[in-house]
Amino acid sequence: MSTTNMPPFVPGLELSRRFYTEAVRSLLEEAAPGIPHSAARLGSGSEVLGFDTPRPAGHERGPRLQLFLHRRDVSRHAGRIRHILAAHLPKTFHGHPVRHEVEVTHISAWFTTELGFTPAPDITPADWLATPTQLLAEVTAGAVFHDGLRELTPIRHELRWYPHDIWLHVLACQWQRIAREEPFVTRCGEVGDELGSAVAAARLVRDLMRLCLLMDRRYPPYGKWLGSAFARTSAGHHLTPVLIATLAATDWRTRGKHLEQAYEAVADLHNQLELTDRVAPVSRPTRFTEALIARISDPAIKELPTAGSVDQFVDGTEVLTRPEIARAVYQETRKPRPDCS
């Protein structure tokens, strides 16, 4: 679609809401009169996280949504509903192309496909930690247009954030990641490796951004949207210039000074949360890890290794957007390791 022929920009969630109310709902009633259902726009897509823009490629797919039915109604009615929608939905909607991306499914099947587990009746610590935060963000963001089943909203509420002890654990592990890498900026610089120092600093910047998101009770998205999400945190406004200066620095001493500013600012944010006793802002990062672990009440969670969630020990978009791979990787880290000494 050329930019000259583009319709006025409508945020994707609003476009999908209109698509449901103005086009899909009446056809659903025709296909299966009175059928209980829920309708939502969840899952992958920049519009779900609120990061879509007027850029043409972002809207070429047009509006999308999910229709959730009772399990028994999927087998009885889903085929006819899909047929009616495919035959009668308009080819364009408010000027946007329609590719008939209306998913008809039931709630437990959809969540199991998206997350790798069904979030009922109980979510285990392994479920929380083996699930990439990108996927947790995708199922708790977006919008519910109608919840006639009265199941979708409670599940999303349950998933909206980690239980308290799991939150303390992932915060502790994020500080531990920072503690492991923090010396490298200087050590690389001292041996004349400015490139290595810059790479270490960039990794630390990313880890600090993710830590700020976790402290703000926001699931960190994958790399494409990390900066956009960080900008919305309570720390984003005043920390962004410091982190940009860190990345722009051309020598290890300068980037180290900027990182020290960032560490102190993030340490202050930690203390403002009052999750632990006050930790001095100039303390080693491991002091924050220790303080957080000390506040975990569940012995099983307190004893977990400080590898954290799957996002905290694995890099790579494929792993962080594929629940079956993420869970397999998470389980692998829990196996005893041979003694390599």
Side-chain angles (χ1 to χ4, degrees), residues 11-13 40-53 55 57-59 61 64 66 110-117 119 126-143 156 159-162 166-167 169-171 173-178 180-181 199-233 235-236 239-240 243-244 246-247 266 307-333:
L13 288 180
R41 175 67 183 99
L42 313 175
S44 63
S46 58
E47 71 271 28
V48 172
L49 300 182
F51 297 137
D52 54 333
T53 68
R55 184 173 182 261
H59 269 51
R61 294 183 68 176
R64 294 178 281 167
Q66 293 86 22
W110 188 83
F111 275 97
T112 299
T113 298
E114 295 296 311
L115 300 179
F117 69 94
D127 290 332
W128 284 112
L129 296 174
T131 305
T133 52
Q134 169 70 24
L135 300 184
L136 289 167
E138 289 176 354
V139 302
T140 54
R156 279 162 47 86
L159 290 168
R160 73 193 185 284
W161 191 240
Y162 295 120
I166 297 291
W167 184 31
H169 174 70
V170 296
L171 285 173
C173 295
Q174 193 65 19
W175 277 109
Q176 186 68 15
R177 276 184 61 97
I178 293 167
R180 285 194 291 265
E181 298 246 357
V199 169
R203 287 172 58 87
L204 284 162
V205 165
R206 182 181 65 171
D207 280 341
L208 287 168
M209 292 166 67
R210 290 177 61 85
L211 177 57
C212 289
L213 282 156
L214 291 169
M215 288 198 292
D216 248 21
R217 298 176 179 85
R218 297 170 185 259
Y219 292 121
Y222 72 130
K224 181 180 180 181
W225 301 119
L226 182 59
S228 299
F230 174 73
R232 298 179 180 182
T233 66
L239 255 183
T240 293
L243 298 181
I244 289 176
T246 301
L247 297 175
V266 176
S309 68
V310 67
D311 308 77
Q312 293 175 308
F313 56 79
V314 176
D315 285 331
T317 302
E318 182 73 6
V319 173
L320 302 183
T321 57
R322 293 280 298 279
E324 70 278 12
I325 298 177
R327 293 179 75 82
V329 170
Y330 177 80
Q331 293 302 325
E332 187 66 24
T333 67

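Bear in mind the structure is a predicted one, so any value in this text is a computation, not a measurement.
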Rounded distance [0.5 Å steps], CG in Leu115 versus CD in Glu138: 9.0 Å
Minimal non-hydrogen separation, Asp216 against Arg232, with atom names: OD2-O, 4.4 Å
Centroid separation Tyr219 to Tyr162 less than 6.0 Å: yes
Smallest separation among heavy atoms of Thr131 and Val310, with atom names: C-CG1, 4.0 Å
Side chain to side chain contact (heavy atoms under 4.5 Å, CB included) evaluation trace for Trp161 with Leu214: CA-CA 10 Å; Trp161 191 240; Leu214 291 169; 3.9 Å; yes
Leu226 and Arg210, any side-chain heavy atoms less than 4.5 Å apart: yes
Backbone of Pro221 reached by a side-chain donor or acceptor of Gln134 within 3.5 Å: no
Minimum-distance pair of heavy atoms, taken over all atoms of Cys212 and Ala235: SG-CB, 3.9 Å
Minimal non-hydrogen separation, Asp52 against Gly12, with atom names: OD2-N, 2.6 Å
Distance-minimising heavy-atom pair for Pro132 and Asp311: CA-OD1, 3.3 Å
Atom pair CG (Asp207) and CZ (Arg180), whose distance is rounded to the nearest 0.5 Å: 9.0 Å
Identified side-chain hydrogen bond (donor to acceptor under 3.5 Å, both in side chains) partner of Gln312 from the options Arg177, Gln176, Gln174: Gln174
Rounded distance (nearest 0.5 Å) linking atom CD of Glu47 with atom OG1 of Thr53: 11.0 Å
Exercise: identify the closest heavy-atom pair between Trp225 and Ser46: CZ2-CB, 3.3 Å
Sidechain-backbone polar pair: Arg206 side chain, Gly223 backbone, donor-acceptor under 3.5 Å: no
Leu42 backbone acceptor or donor facing Gln66 side chain under 3.5 Å: yes
Point-to-point distance, once rounded to the nearest 0.5 Å, from CD1 of Ile166 to CH2 of Trp128: 8.5 Å
Donor-acceptor pair, side chain of Arg160 and main chain of Thr140, under 3.5 angstrom: no
Leu239 side chain reached by Val266 side chain, heavy atoms, under 4.5 Å: yes
Candidates Val170, Leu213, Leu136, Leu211 - the one meeting side-chain contact (heavy atoms from CB on, under 4.5 Å) with Pro220: Leu213
Test item: Thr133 and Tyr222 side chains (from C-beta on) under 4.5 Å apart, heavy atoms: no
Check: Met215 main-chain N/O paired with Trp167 side-chain donor or acceptor under 3.5 Å: no
